[in-house]
Amino acid sequence: MKLSTLRYLTTIVDCGSYSKAAEALYVTQPALSQAIQRLEQEIGMPVFEHNKKTQLTKAGEIIVADARRMLELEDHMINRLNALSRGETATLRLGAAPSYQRFFLMRIVSLFRKERPDVELEVVDGFTNTLIEEVENKKLDAAIVMDPLPQMLSVHEIYQEEIFLALPPNHPAIAHLPRASDGRPVAELADFKDESFISYEGKRRIGVMLMNEAQKAGFRPNITLYCKSTENANNLVFHDTGLAFIPETTMRLSSPAQQPCYCHIGKNRLMRKLYVACAFGAEENPDVQKLIDIATSLKWSADDM
């Protein structure tokens with residue numbers, strides 16, 4: 001099955017007639033008809049319905065769907081080879097918050113480079129609100145972000161992480177909190193309504209999560225300090241500066257010698273999802289699709305952090 005024949009077939013479908021396809025392809029109509037006849041003989045089935053010259057059969061639909069992907073790959077390969085001949089290199093720009101770079105993105109990048117060694121990767125720091133804007137504006141090819149997300153992005157879930165309530169190690173409430181099956185304390189947020197909290201700058205998602213969960217618990221948190229990063233908030237809690245919401249990723253990557261007490265929030269725990277996000281249509285770039293395939297196929301585990 002030749003790529004040229006597949007291109008003929010998809011062009012007939014796109015143009016809606018043999019004559020228009022022949023003009024678009026700069027071939028004669030008889031040559032086009034003969035190519036389709038040879039294809040039908042090769043597969044042993046018709047690709048167009050009888051007496052409906054451009055309506056695909058089930059076999060035709062299968063061939064056209066896969067043919068489009070094969071032709072996209074051919075076009076992409078040619079573009080990359082042309083770029084190489086001009087001394088250019090394909091580049092993907094990826095974004096993530098620093099902690100997600102350290103675990104999620106670096107592991108994805110490591111595997112991607114084995115598959116696409118000729119593609120340059122540029123990693124950009126940022127938090128979800130900023131990253132979403134840059135993906136939408138196509139300044140980034142893809143980014144690791146967390147929910148809630150706008151509907152105008154193509155998103156692919158890669159992990160679900162827990163959000164903990166971090167208490168200073170010497171907090172008097174720790175000794176009285178019930179324990180979950182993993183031995184970790186379970187805290188009800190309402191019991192800490194009179195405490196000082198650390199939140200996050202720039203309307204970061206985890207700061208909004210703190211405000212929403214506190215509202216559900218019937219109080220408005222007393223925010224005494226704002227941080228840019230969860231790593232800084234984590235250290236501040238350890239040094240008895242206040243309480244904070246800390247993501248599982250930050251907890252796992254923090255130094256064991258300087259960890260606050262991490263409590264499950266309620267019996268059901270507080271969770272959020274992480275995604276690889278790109279603009280709609282970006283997956284047509286095989287490099288972006290390969291990145292997504294790697295990210296979604298990995299078996300992420302907290303134990304790997």
Side-chain angles (χ1 to χ4, degrees), residues 1-86 88-92 94 108 111-119 121 135 138 141-142 151-158 275-299:
M1 194 177 295
K2 298 180 180 179
L3 281 175
S4 58
T5 304
L6 297 179
R7 194 176 294 279
Y8 289 172
L9 177 61
T10 58
T11 304
I12 293 169
V13 172
D14 292 339
C15 292
S17 73
Y18 276 74
S19 58
K20 290 180 181 178
E23 290 179 12
L25 292 164
Y26 299 102
V27 298
T28 64
Q29 190 170 335
L32 199 58
S33 298
Q34 290 170 11
I36 298 303
Q37 288 172 6
R38 286 194 297 269
L39 173 62
E40 291 178 329
Q41 290 171 0
E42 183 179 351
I43 65 171
M45 289 179 283
V47 294
F48 290 114
E49 295 286 357
H50 184 61
N51 294 330
K52 296 179 181 179
K53 291 187 177 180
T54 59
Q55 183 174 328
L56 292 168
T57 61
K58 290 294 183 182
E61 290 175 358
I62 291 171
I63 293 174
V64 167
D66 287 341
R68 291 192 190 281
R69 287 193 285 269
M70 294 168 68
L71 293 169
E72 285 172 4
L73 281 172
E74 183 194 33
D75 291 341
H76 182 67
M77 178 186 66
I78 291 170
N79 290 337
R80 288 171 67 180
L81 290 171
N82 289 337
L84 182 63
S85 69
R86 295 192 299 267
E88 301 172 0
T89 305
T91 302
L92 285 187
L94 314 173
I108 295 168
L111 293 173
F112 179 86
R113 288 191 63 79
K114 294 176 182 177
E115 298 275 349
R116 298 281 200 272
D118 57 328
V119 177
L121 297 173
V135 170
K138 299 186 178 178
D141 294 290
Q151 294 182 348
M152 65 280 295
L153 292 182
S154 176
V155 298
H156 310 267
E157 183 179 341
I158 61 171
Y275 306 85
V276 171
C278 61
F280 282 119
E283 296 101 325
E284 293 177 6
N285 180 336
D287 292 331
V288 174
Q289 185 60 58
K290 173 57 69 175
L291 187 88
I292 293 168
D293 290 344
I294 290 171
T296 53
S297 65
L298 284 168
K299 303 301 181 184

Checklist entry - Measuring from D287:CG to L92:CG, what's the distance to the nearest 0.5 Å? => result 5.0 Å
Checklist entry - Can you find a heavy atom in the side chain of M70 that is under 4.5 Å from one in the side chain of L6? => result yes
Next on the checklist: Can you confirm whether V13 sits close enough to R68 that some side-chain heavy atom of one is under 4.5 Å from a side-chain heavy atom of the other?
Outcome noted: yes
Next on the checklist: Looking at every non-hydrogen atom in both residues, tell me the closest pair between I158 and V276 and how far apart they are.
Outcome noted: CG2-CG2, 3.9 Å
Checklist entry - What is the minimum heavy-atom distance between R116 and P286, and which atoms define it? => result NH2-O, 3.5 Å
Item to check | From Q34 atom CD to L39 atom CG, the distance as rounded to the nearest 0.5 Å | outcome: 14.0 Å
Next on the checklist: To the closest 0.5 Å, what do you measure between CG (N285) and SG (C278)?
Outcome noted: 9.5 Å
Checklist entry - Tell me, which pairs form a side-chain hydrogen bond (donor to acceptor under 3.5 Å, both in side chains) where one or both residues lie in residues 288-297, sequence neighbours left out? => result Q289-D293
Item to check | Nearest-0.5 Å distance, CZ of residue R7 to CG of residue D14 | outcome: 11.0 Å
Checklist entry - What pair of heavy atoms forms the shortest contact from A282 to V288, and how long is it? => result O-CB, 3.5 Å
Checklist entry - What pair of heavy atoms forms the shortest contact from T5 to A35, and how long is it? => result CG2-O, 3.8 Å
Checklist entry - How far apart are the closest heavy atoms of V155 and A277, and which atoms are they? => result CG1-CB, 3.9 Å
Checklist entry - Under 3.5 Å, side chain of T57 to main-chain N/O of P46, donor-acceptor pair present? => result yes
Item to check | Side-chain touch D141/L291, heavy atoms, less than 4.5 angstrom | outcome: no
Next on the checklist: Nearest 0.5 angstrom please: Y8 OH to I36 CD1, how far?
Outcome noted: 9.5 Å
Checklist outcome for this item: Sorted by chain and residue number, the salt bridge (Lys or Arg N to Asp or Glu O under 4.0 Å) partners of E23 (sequence neighbours excluded) come out as none
Checklist entry - How far apart are the closest heavy atoms of Y18 and Q29, and which atoms are they? => result CB-NE2, 3.8 Å
Checklist entry - About how many Å separate CD of Q37 and CG of L32, when rounded to the nearest 0.5 Å? => result 10.5 Å
Checklist entry - Are Y275 and E157 close enough, and set up right, to give a side-chain contact (heavy atoms from CB on, under 4.5 Å), and what steps lead you there? => result CA-CA 4 Å; Y275 306 85; E157 183 179 341; 3.8 Å; yes
Item to check | Non-neighbouring partners of K138 that pass side-chain contact (heavy atoms from CB on, under 4.5 Å), sequence neighbours left out | outcome: A279
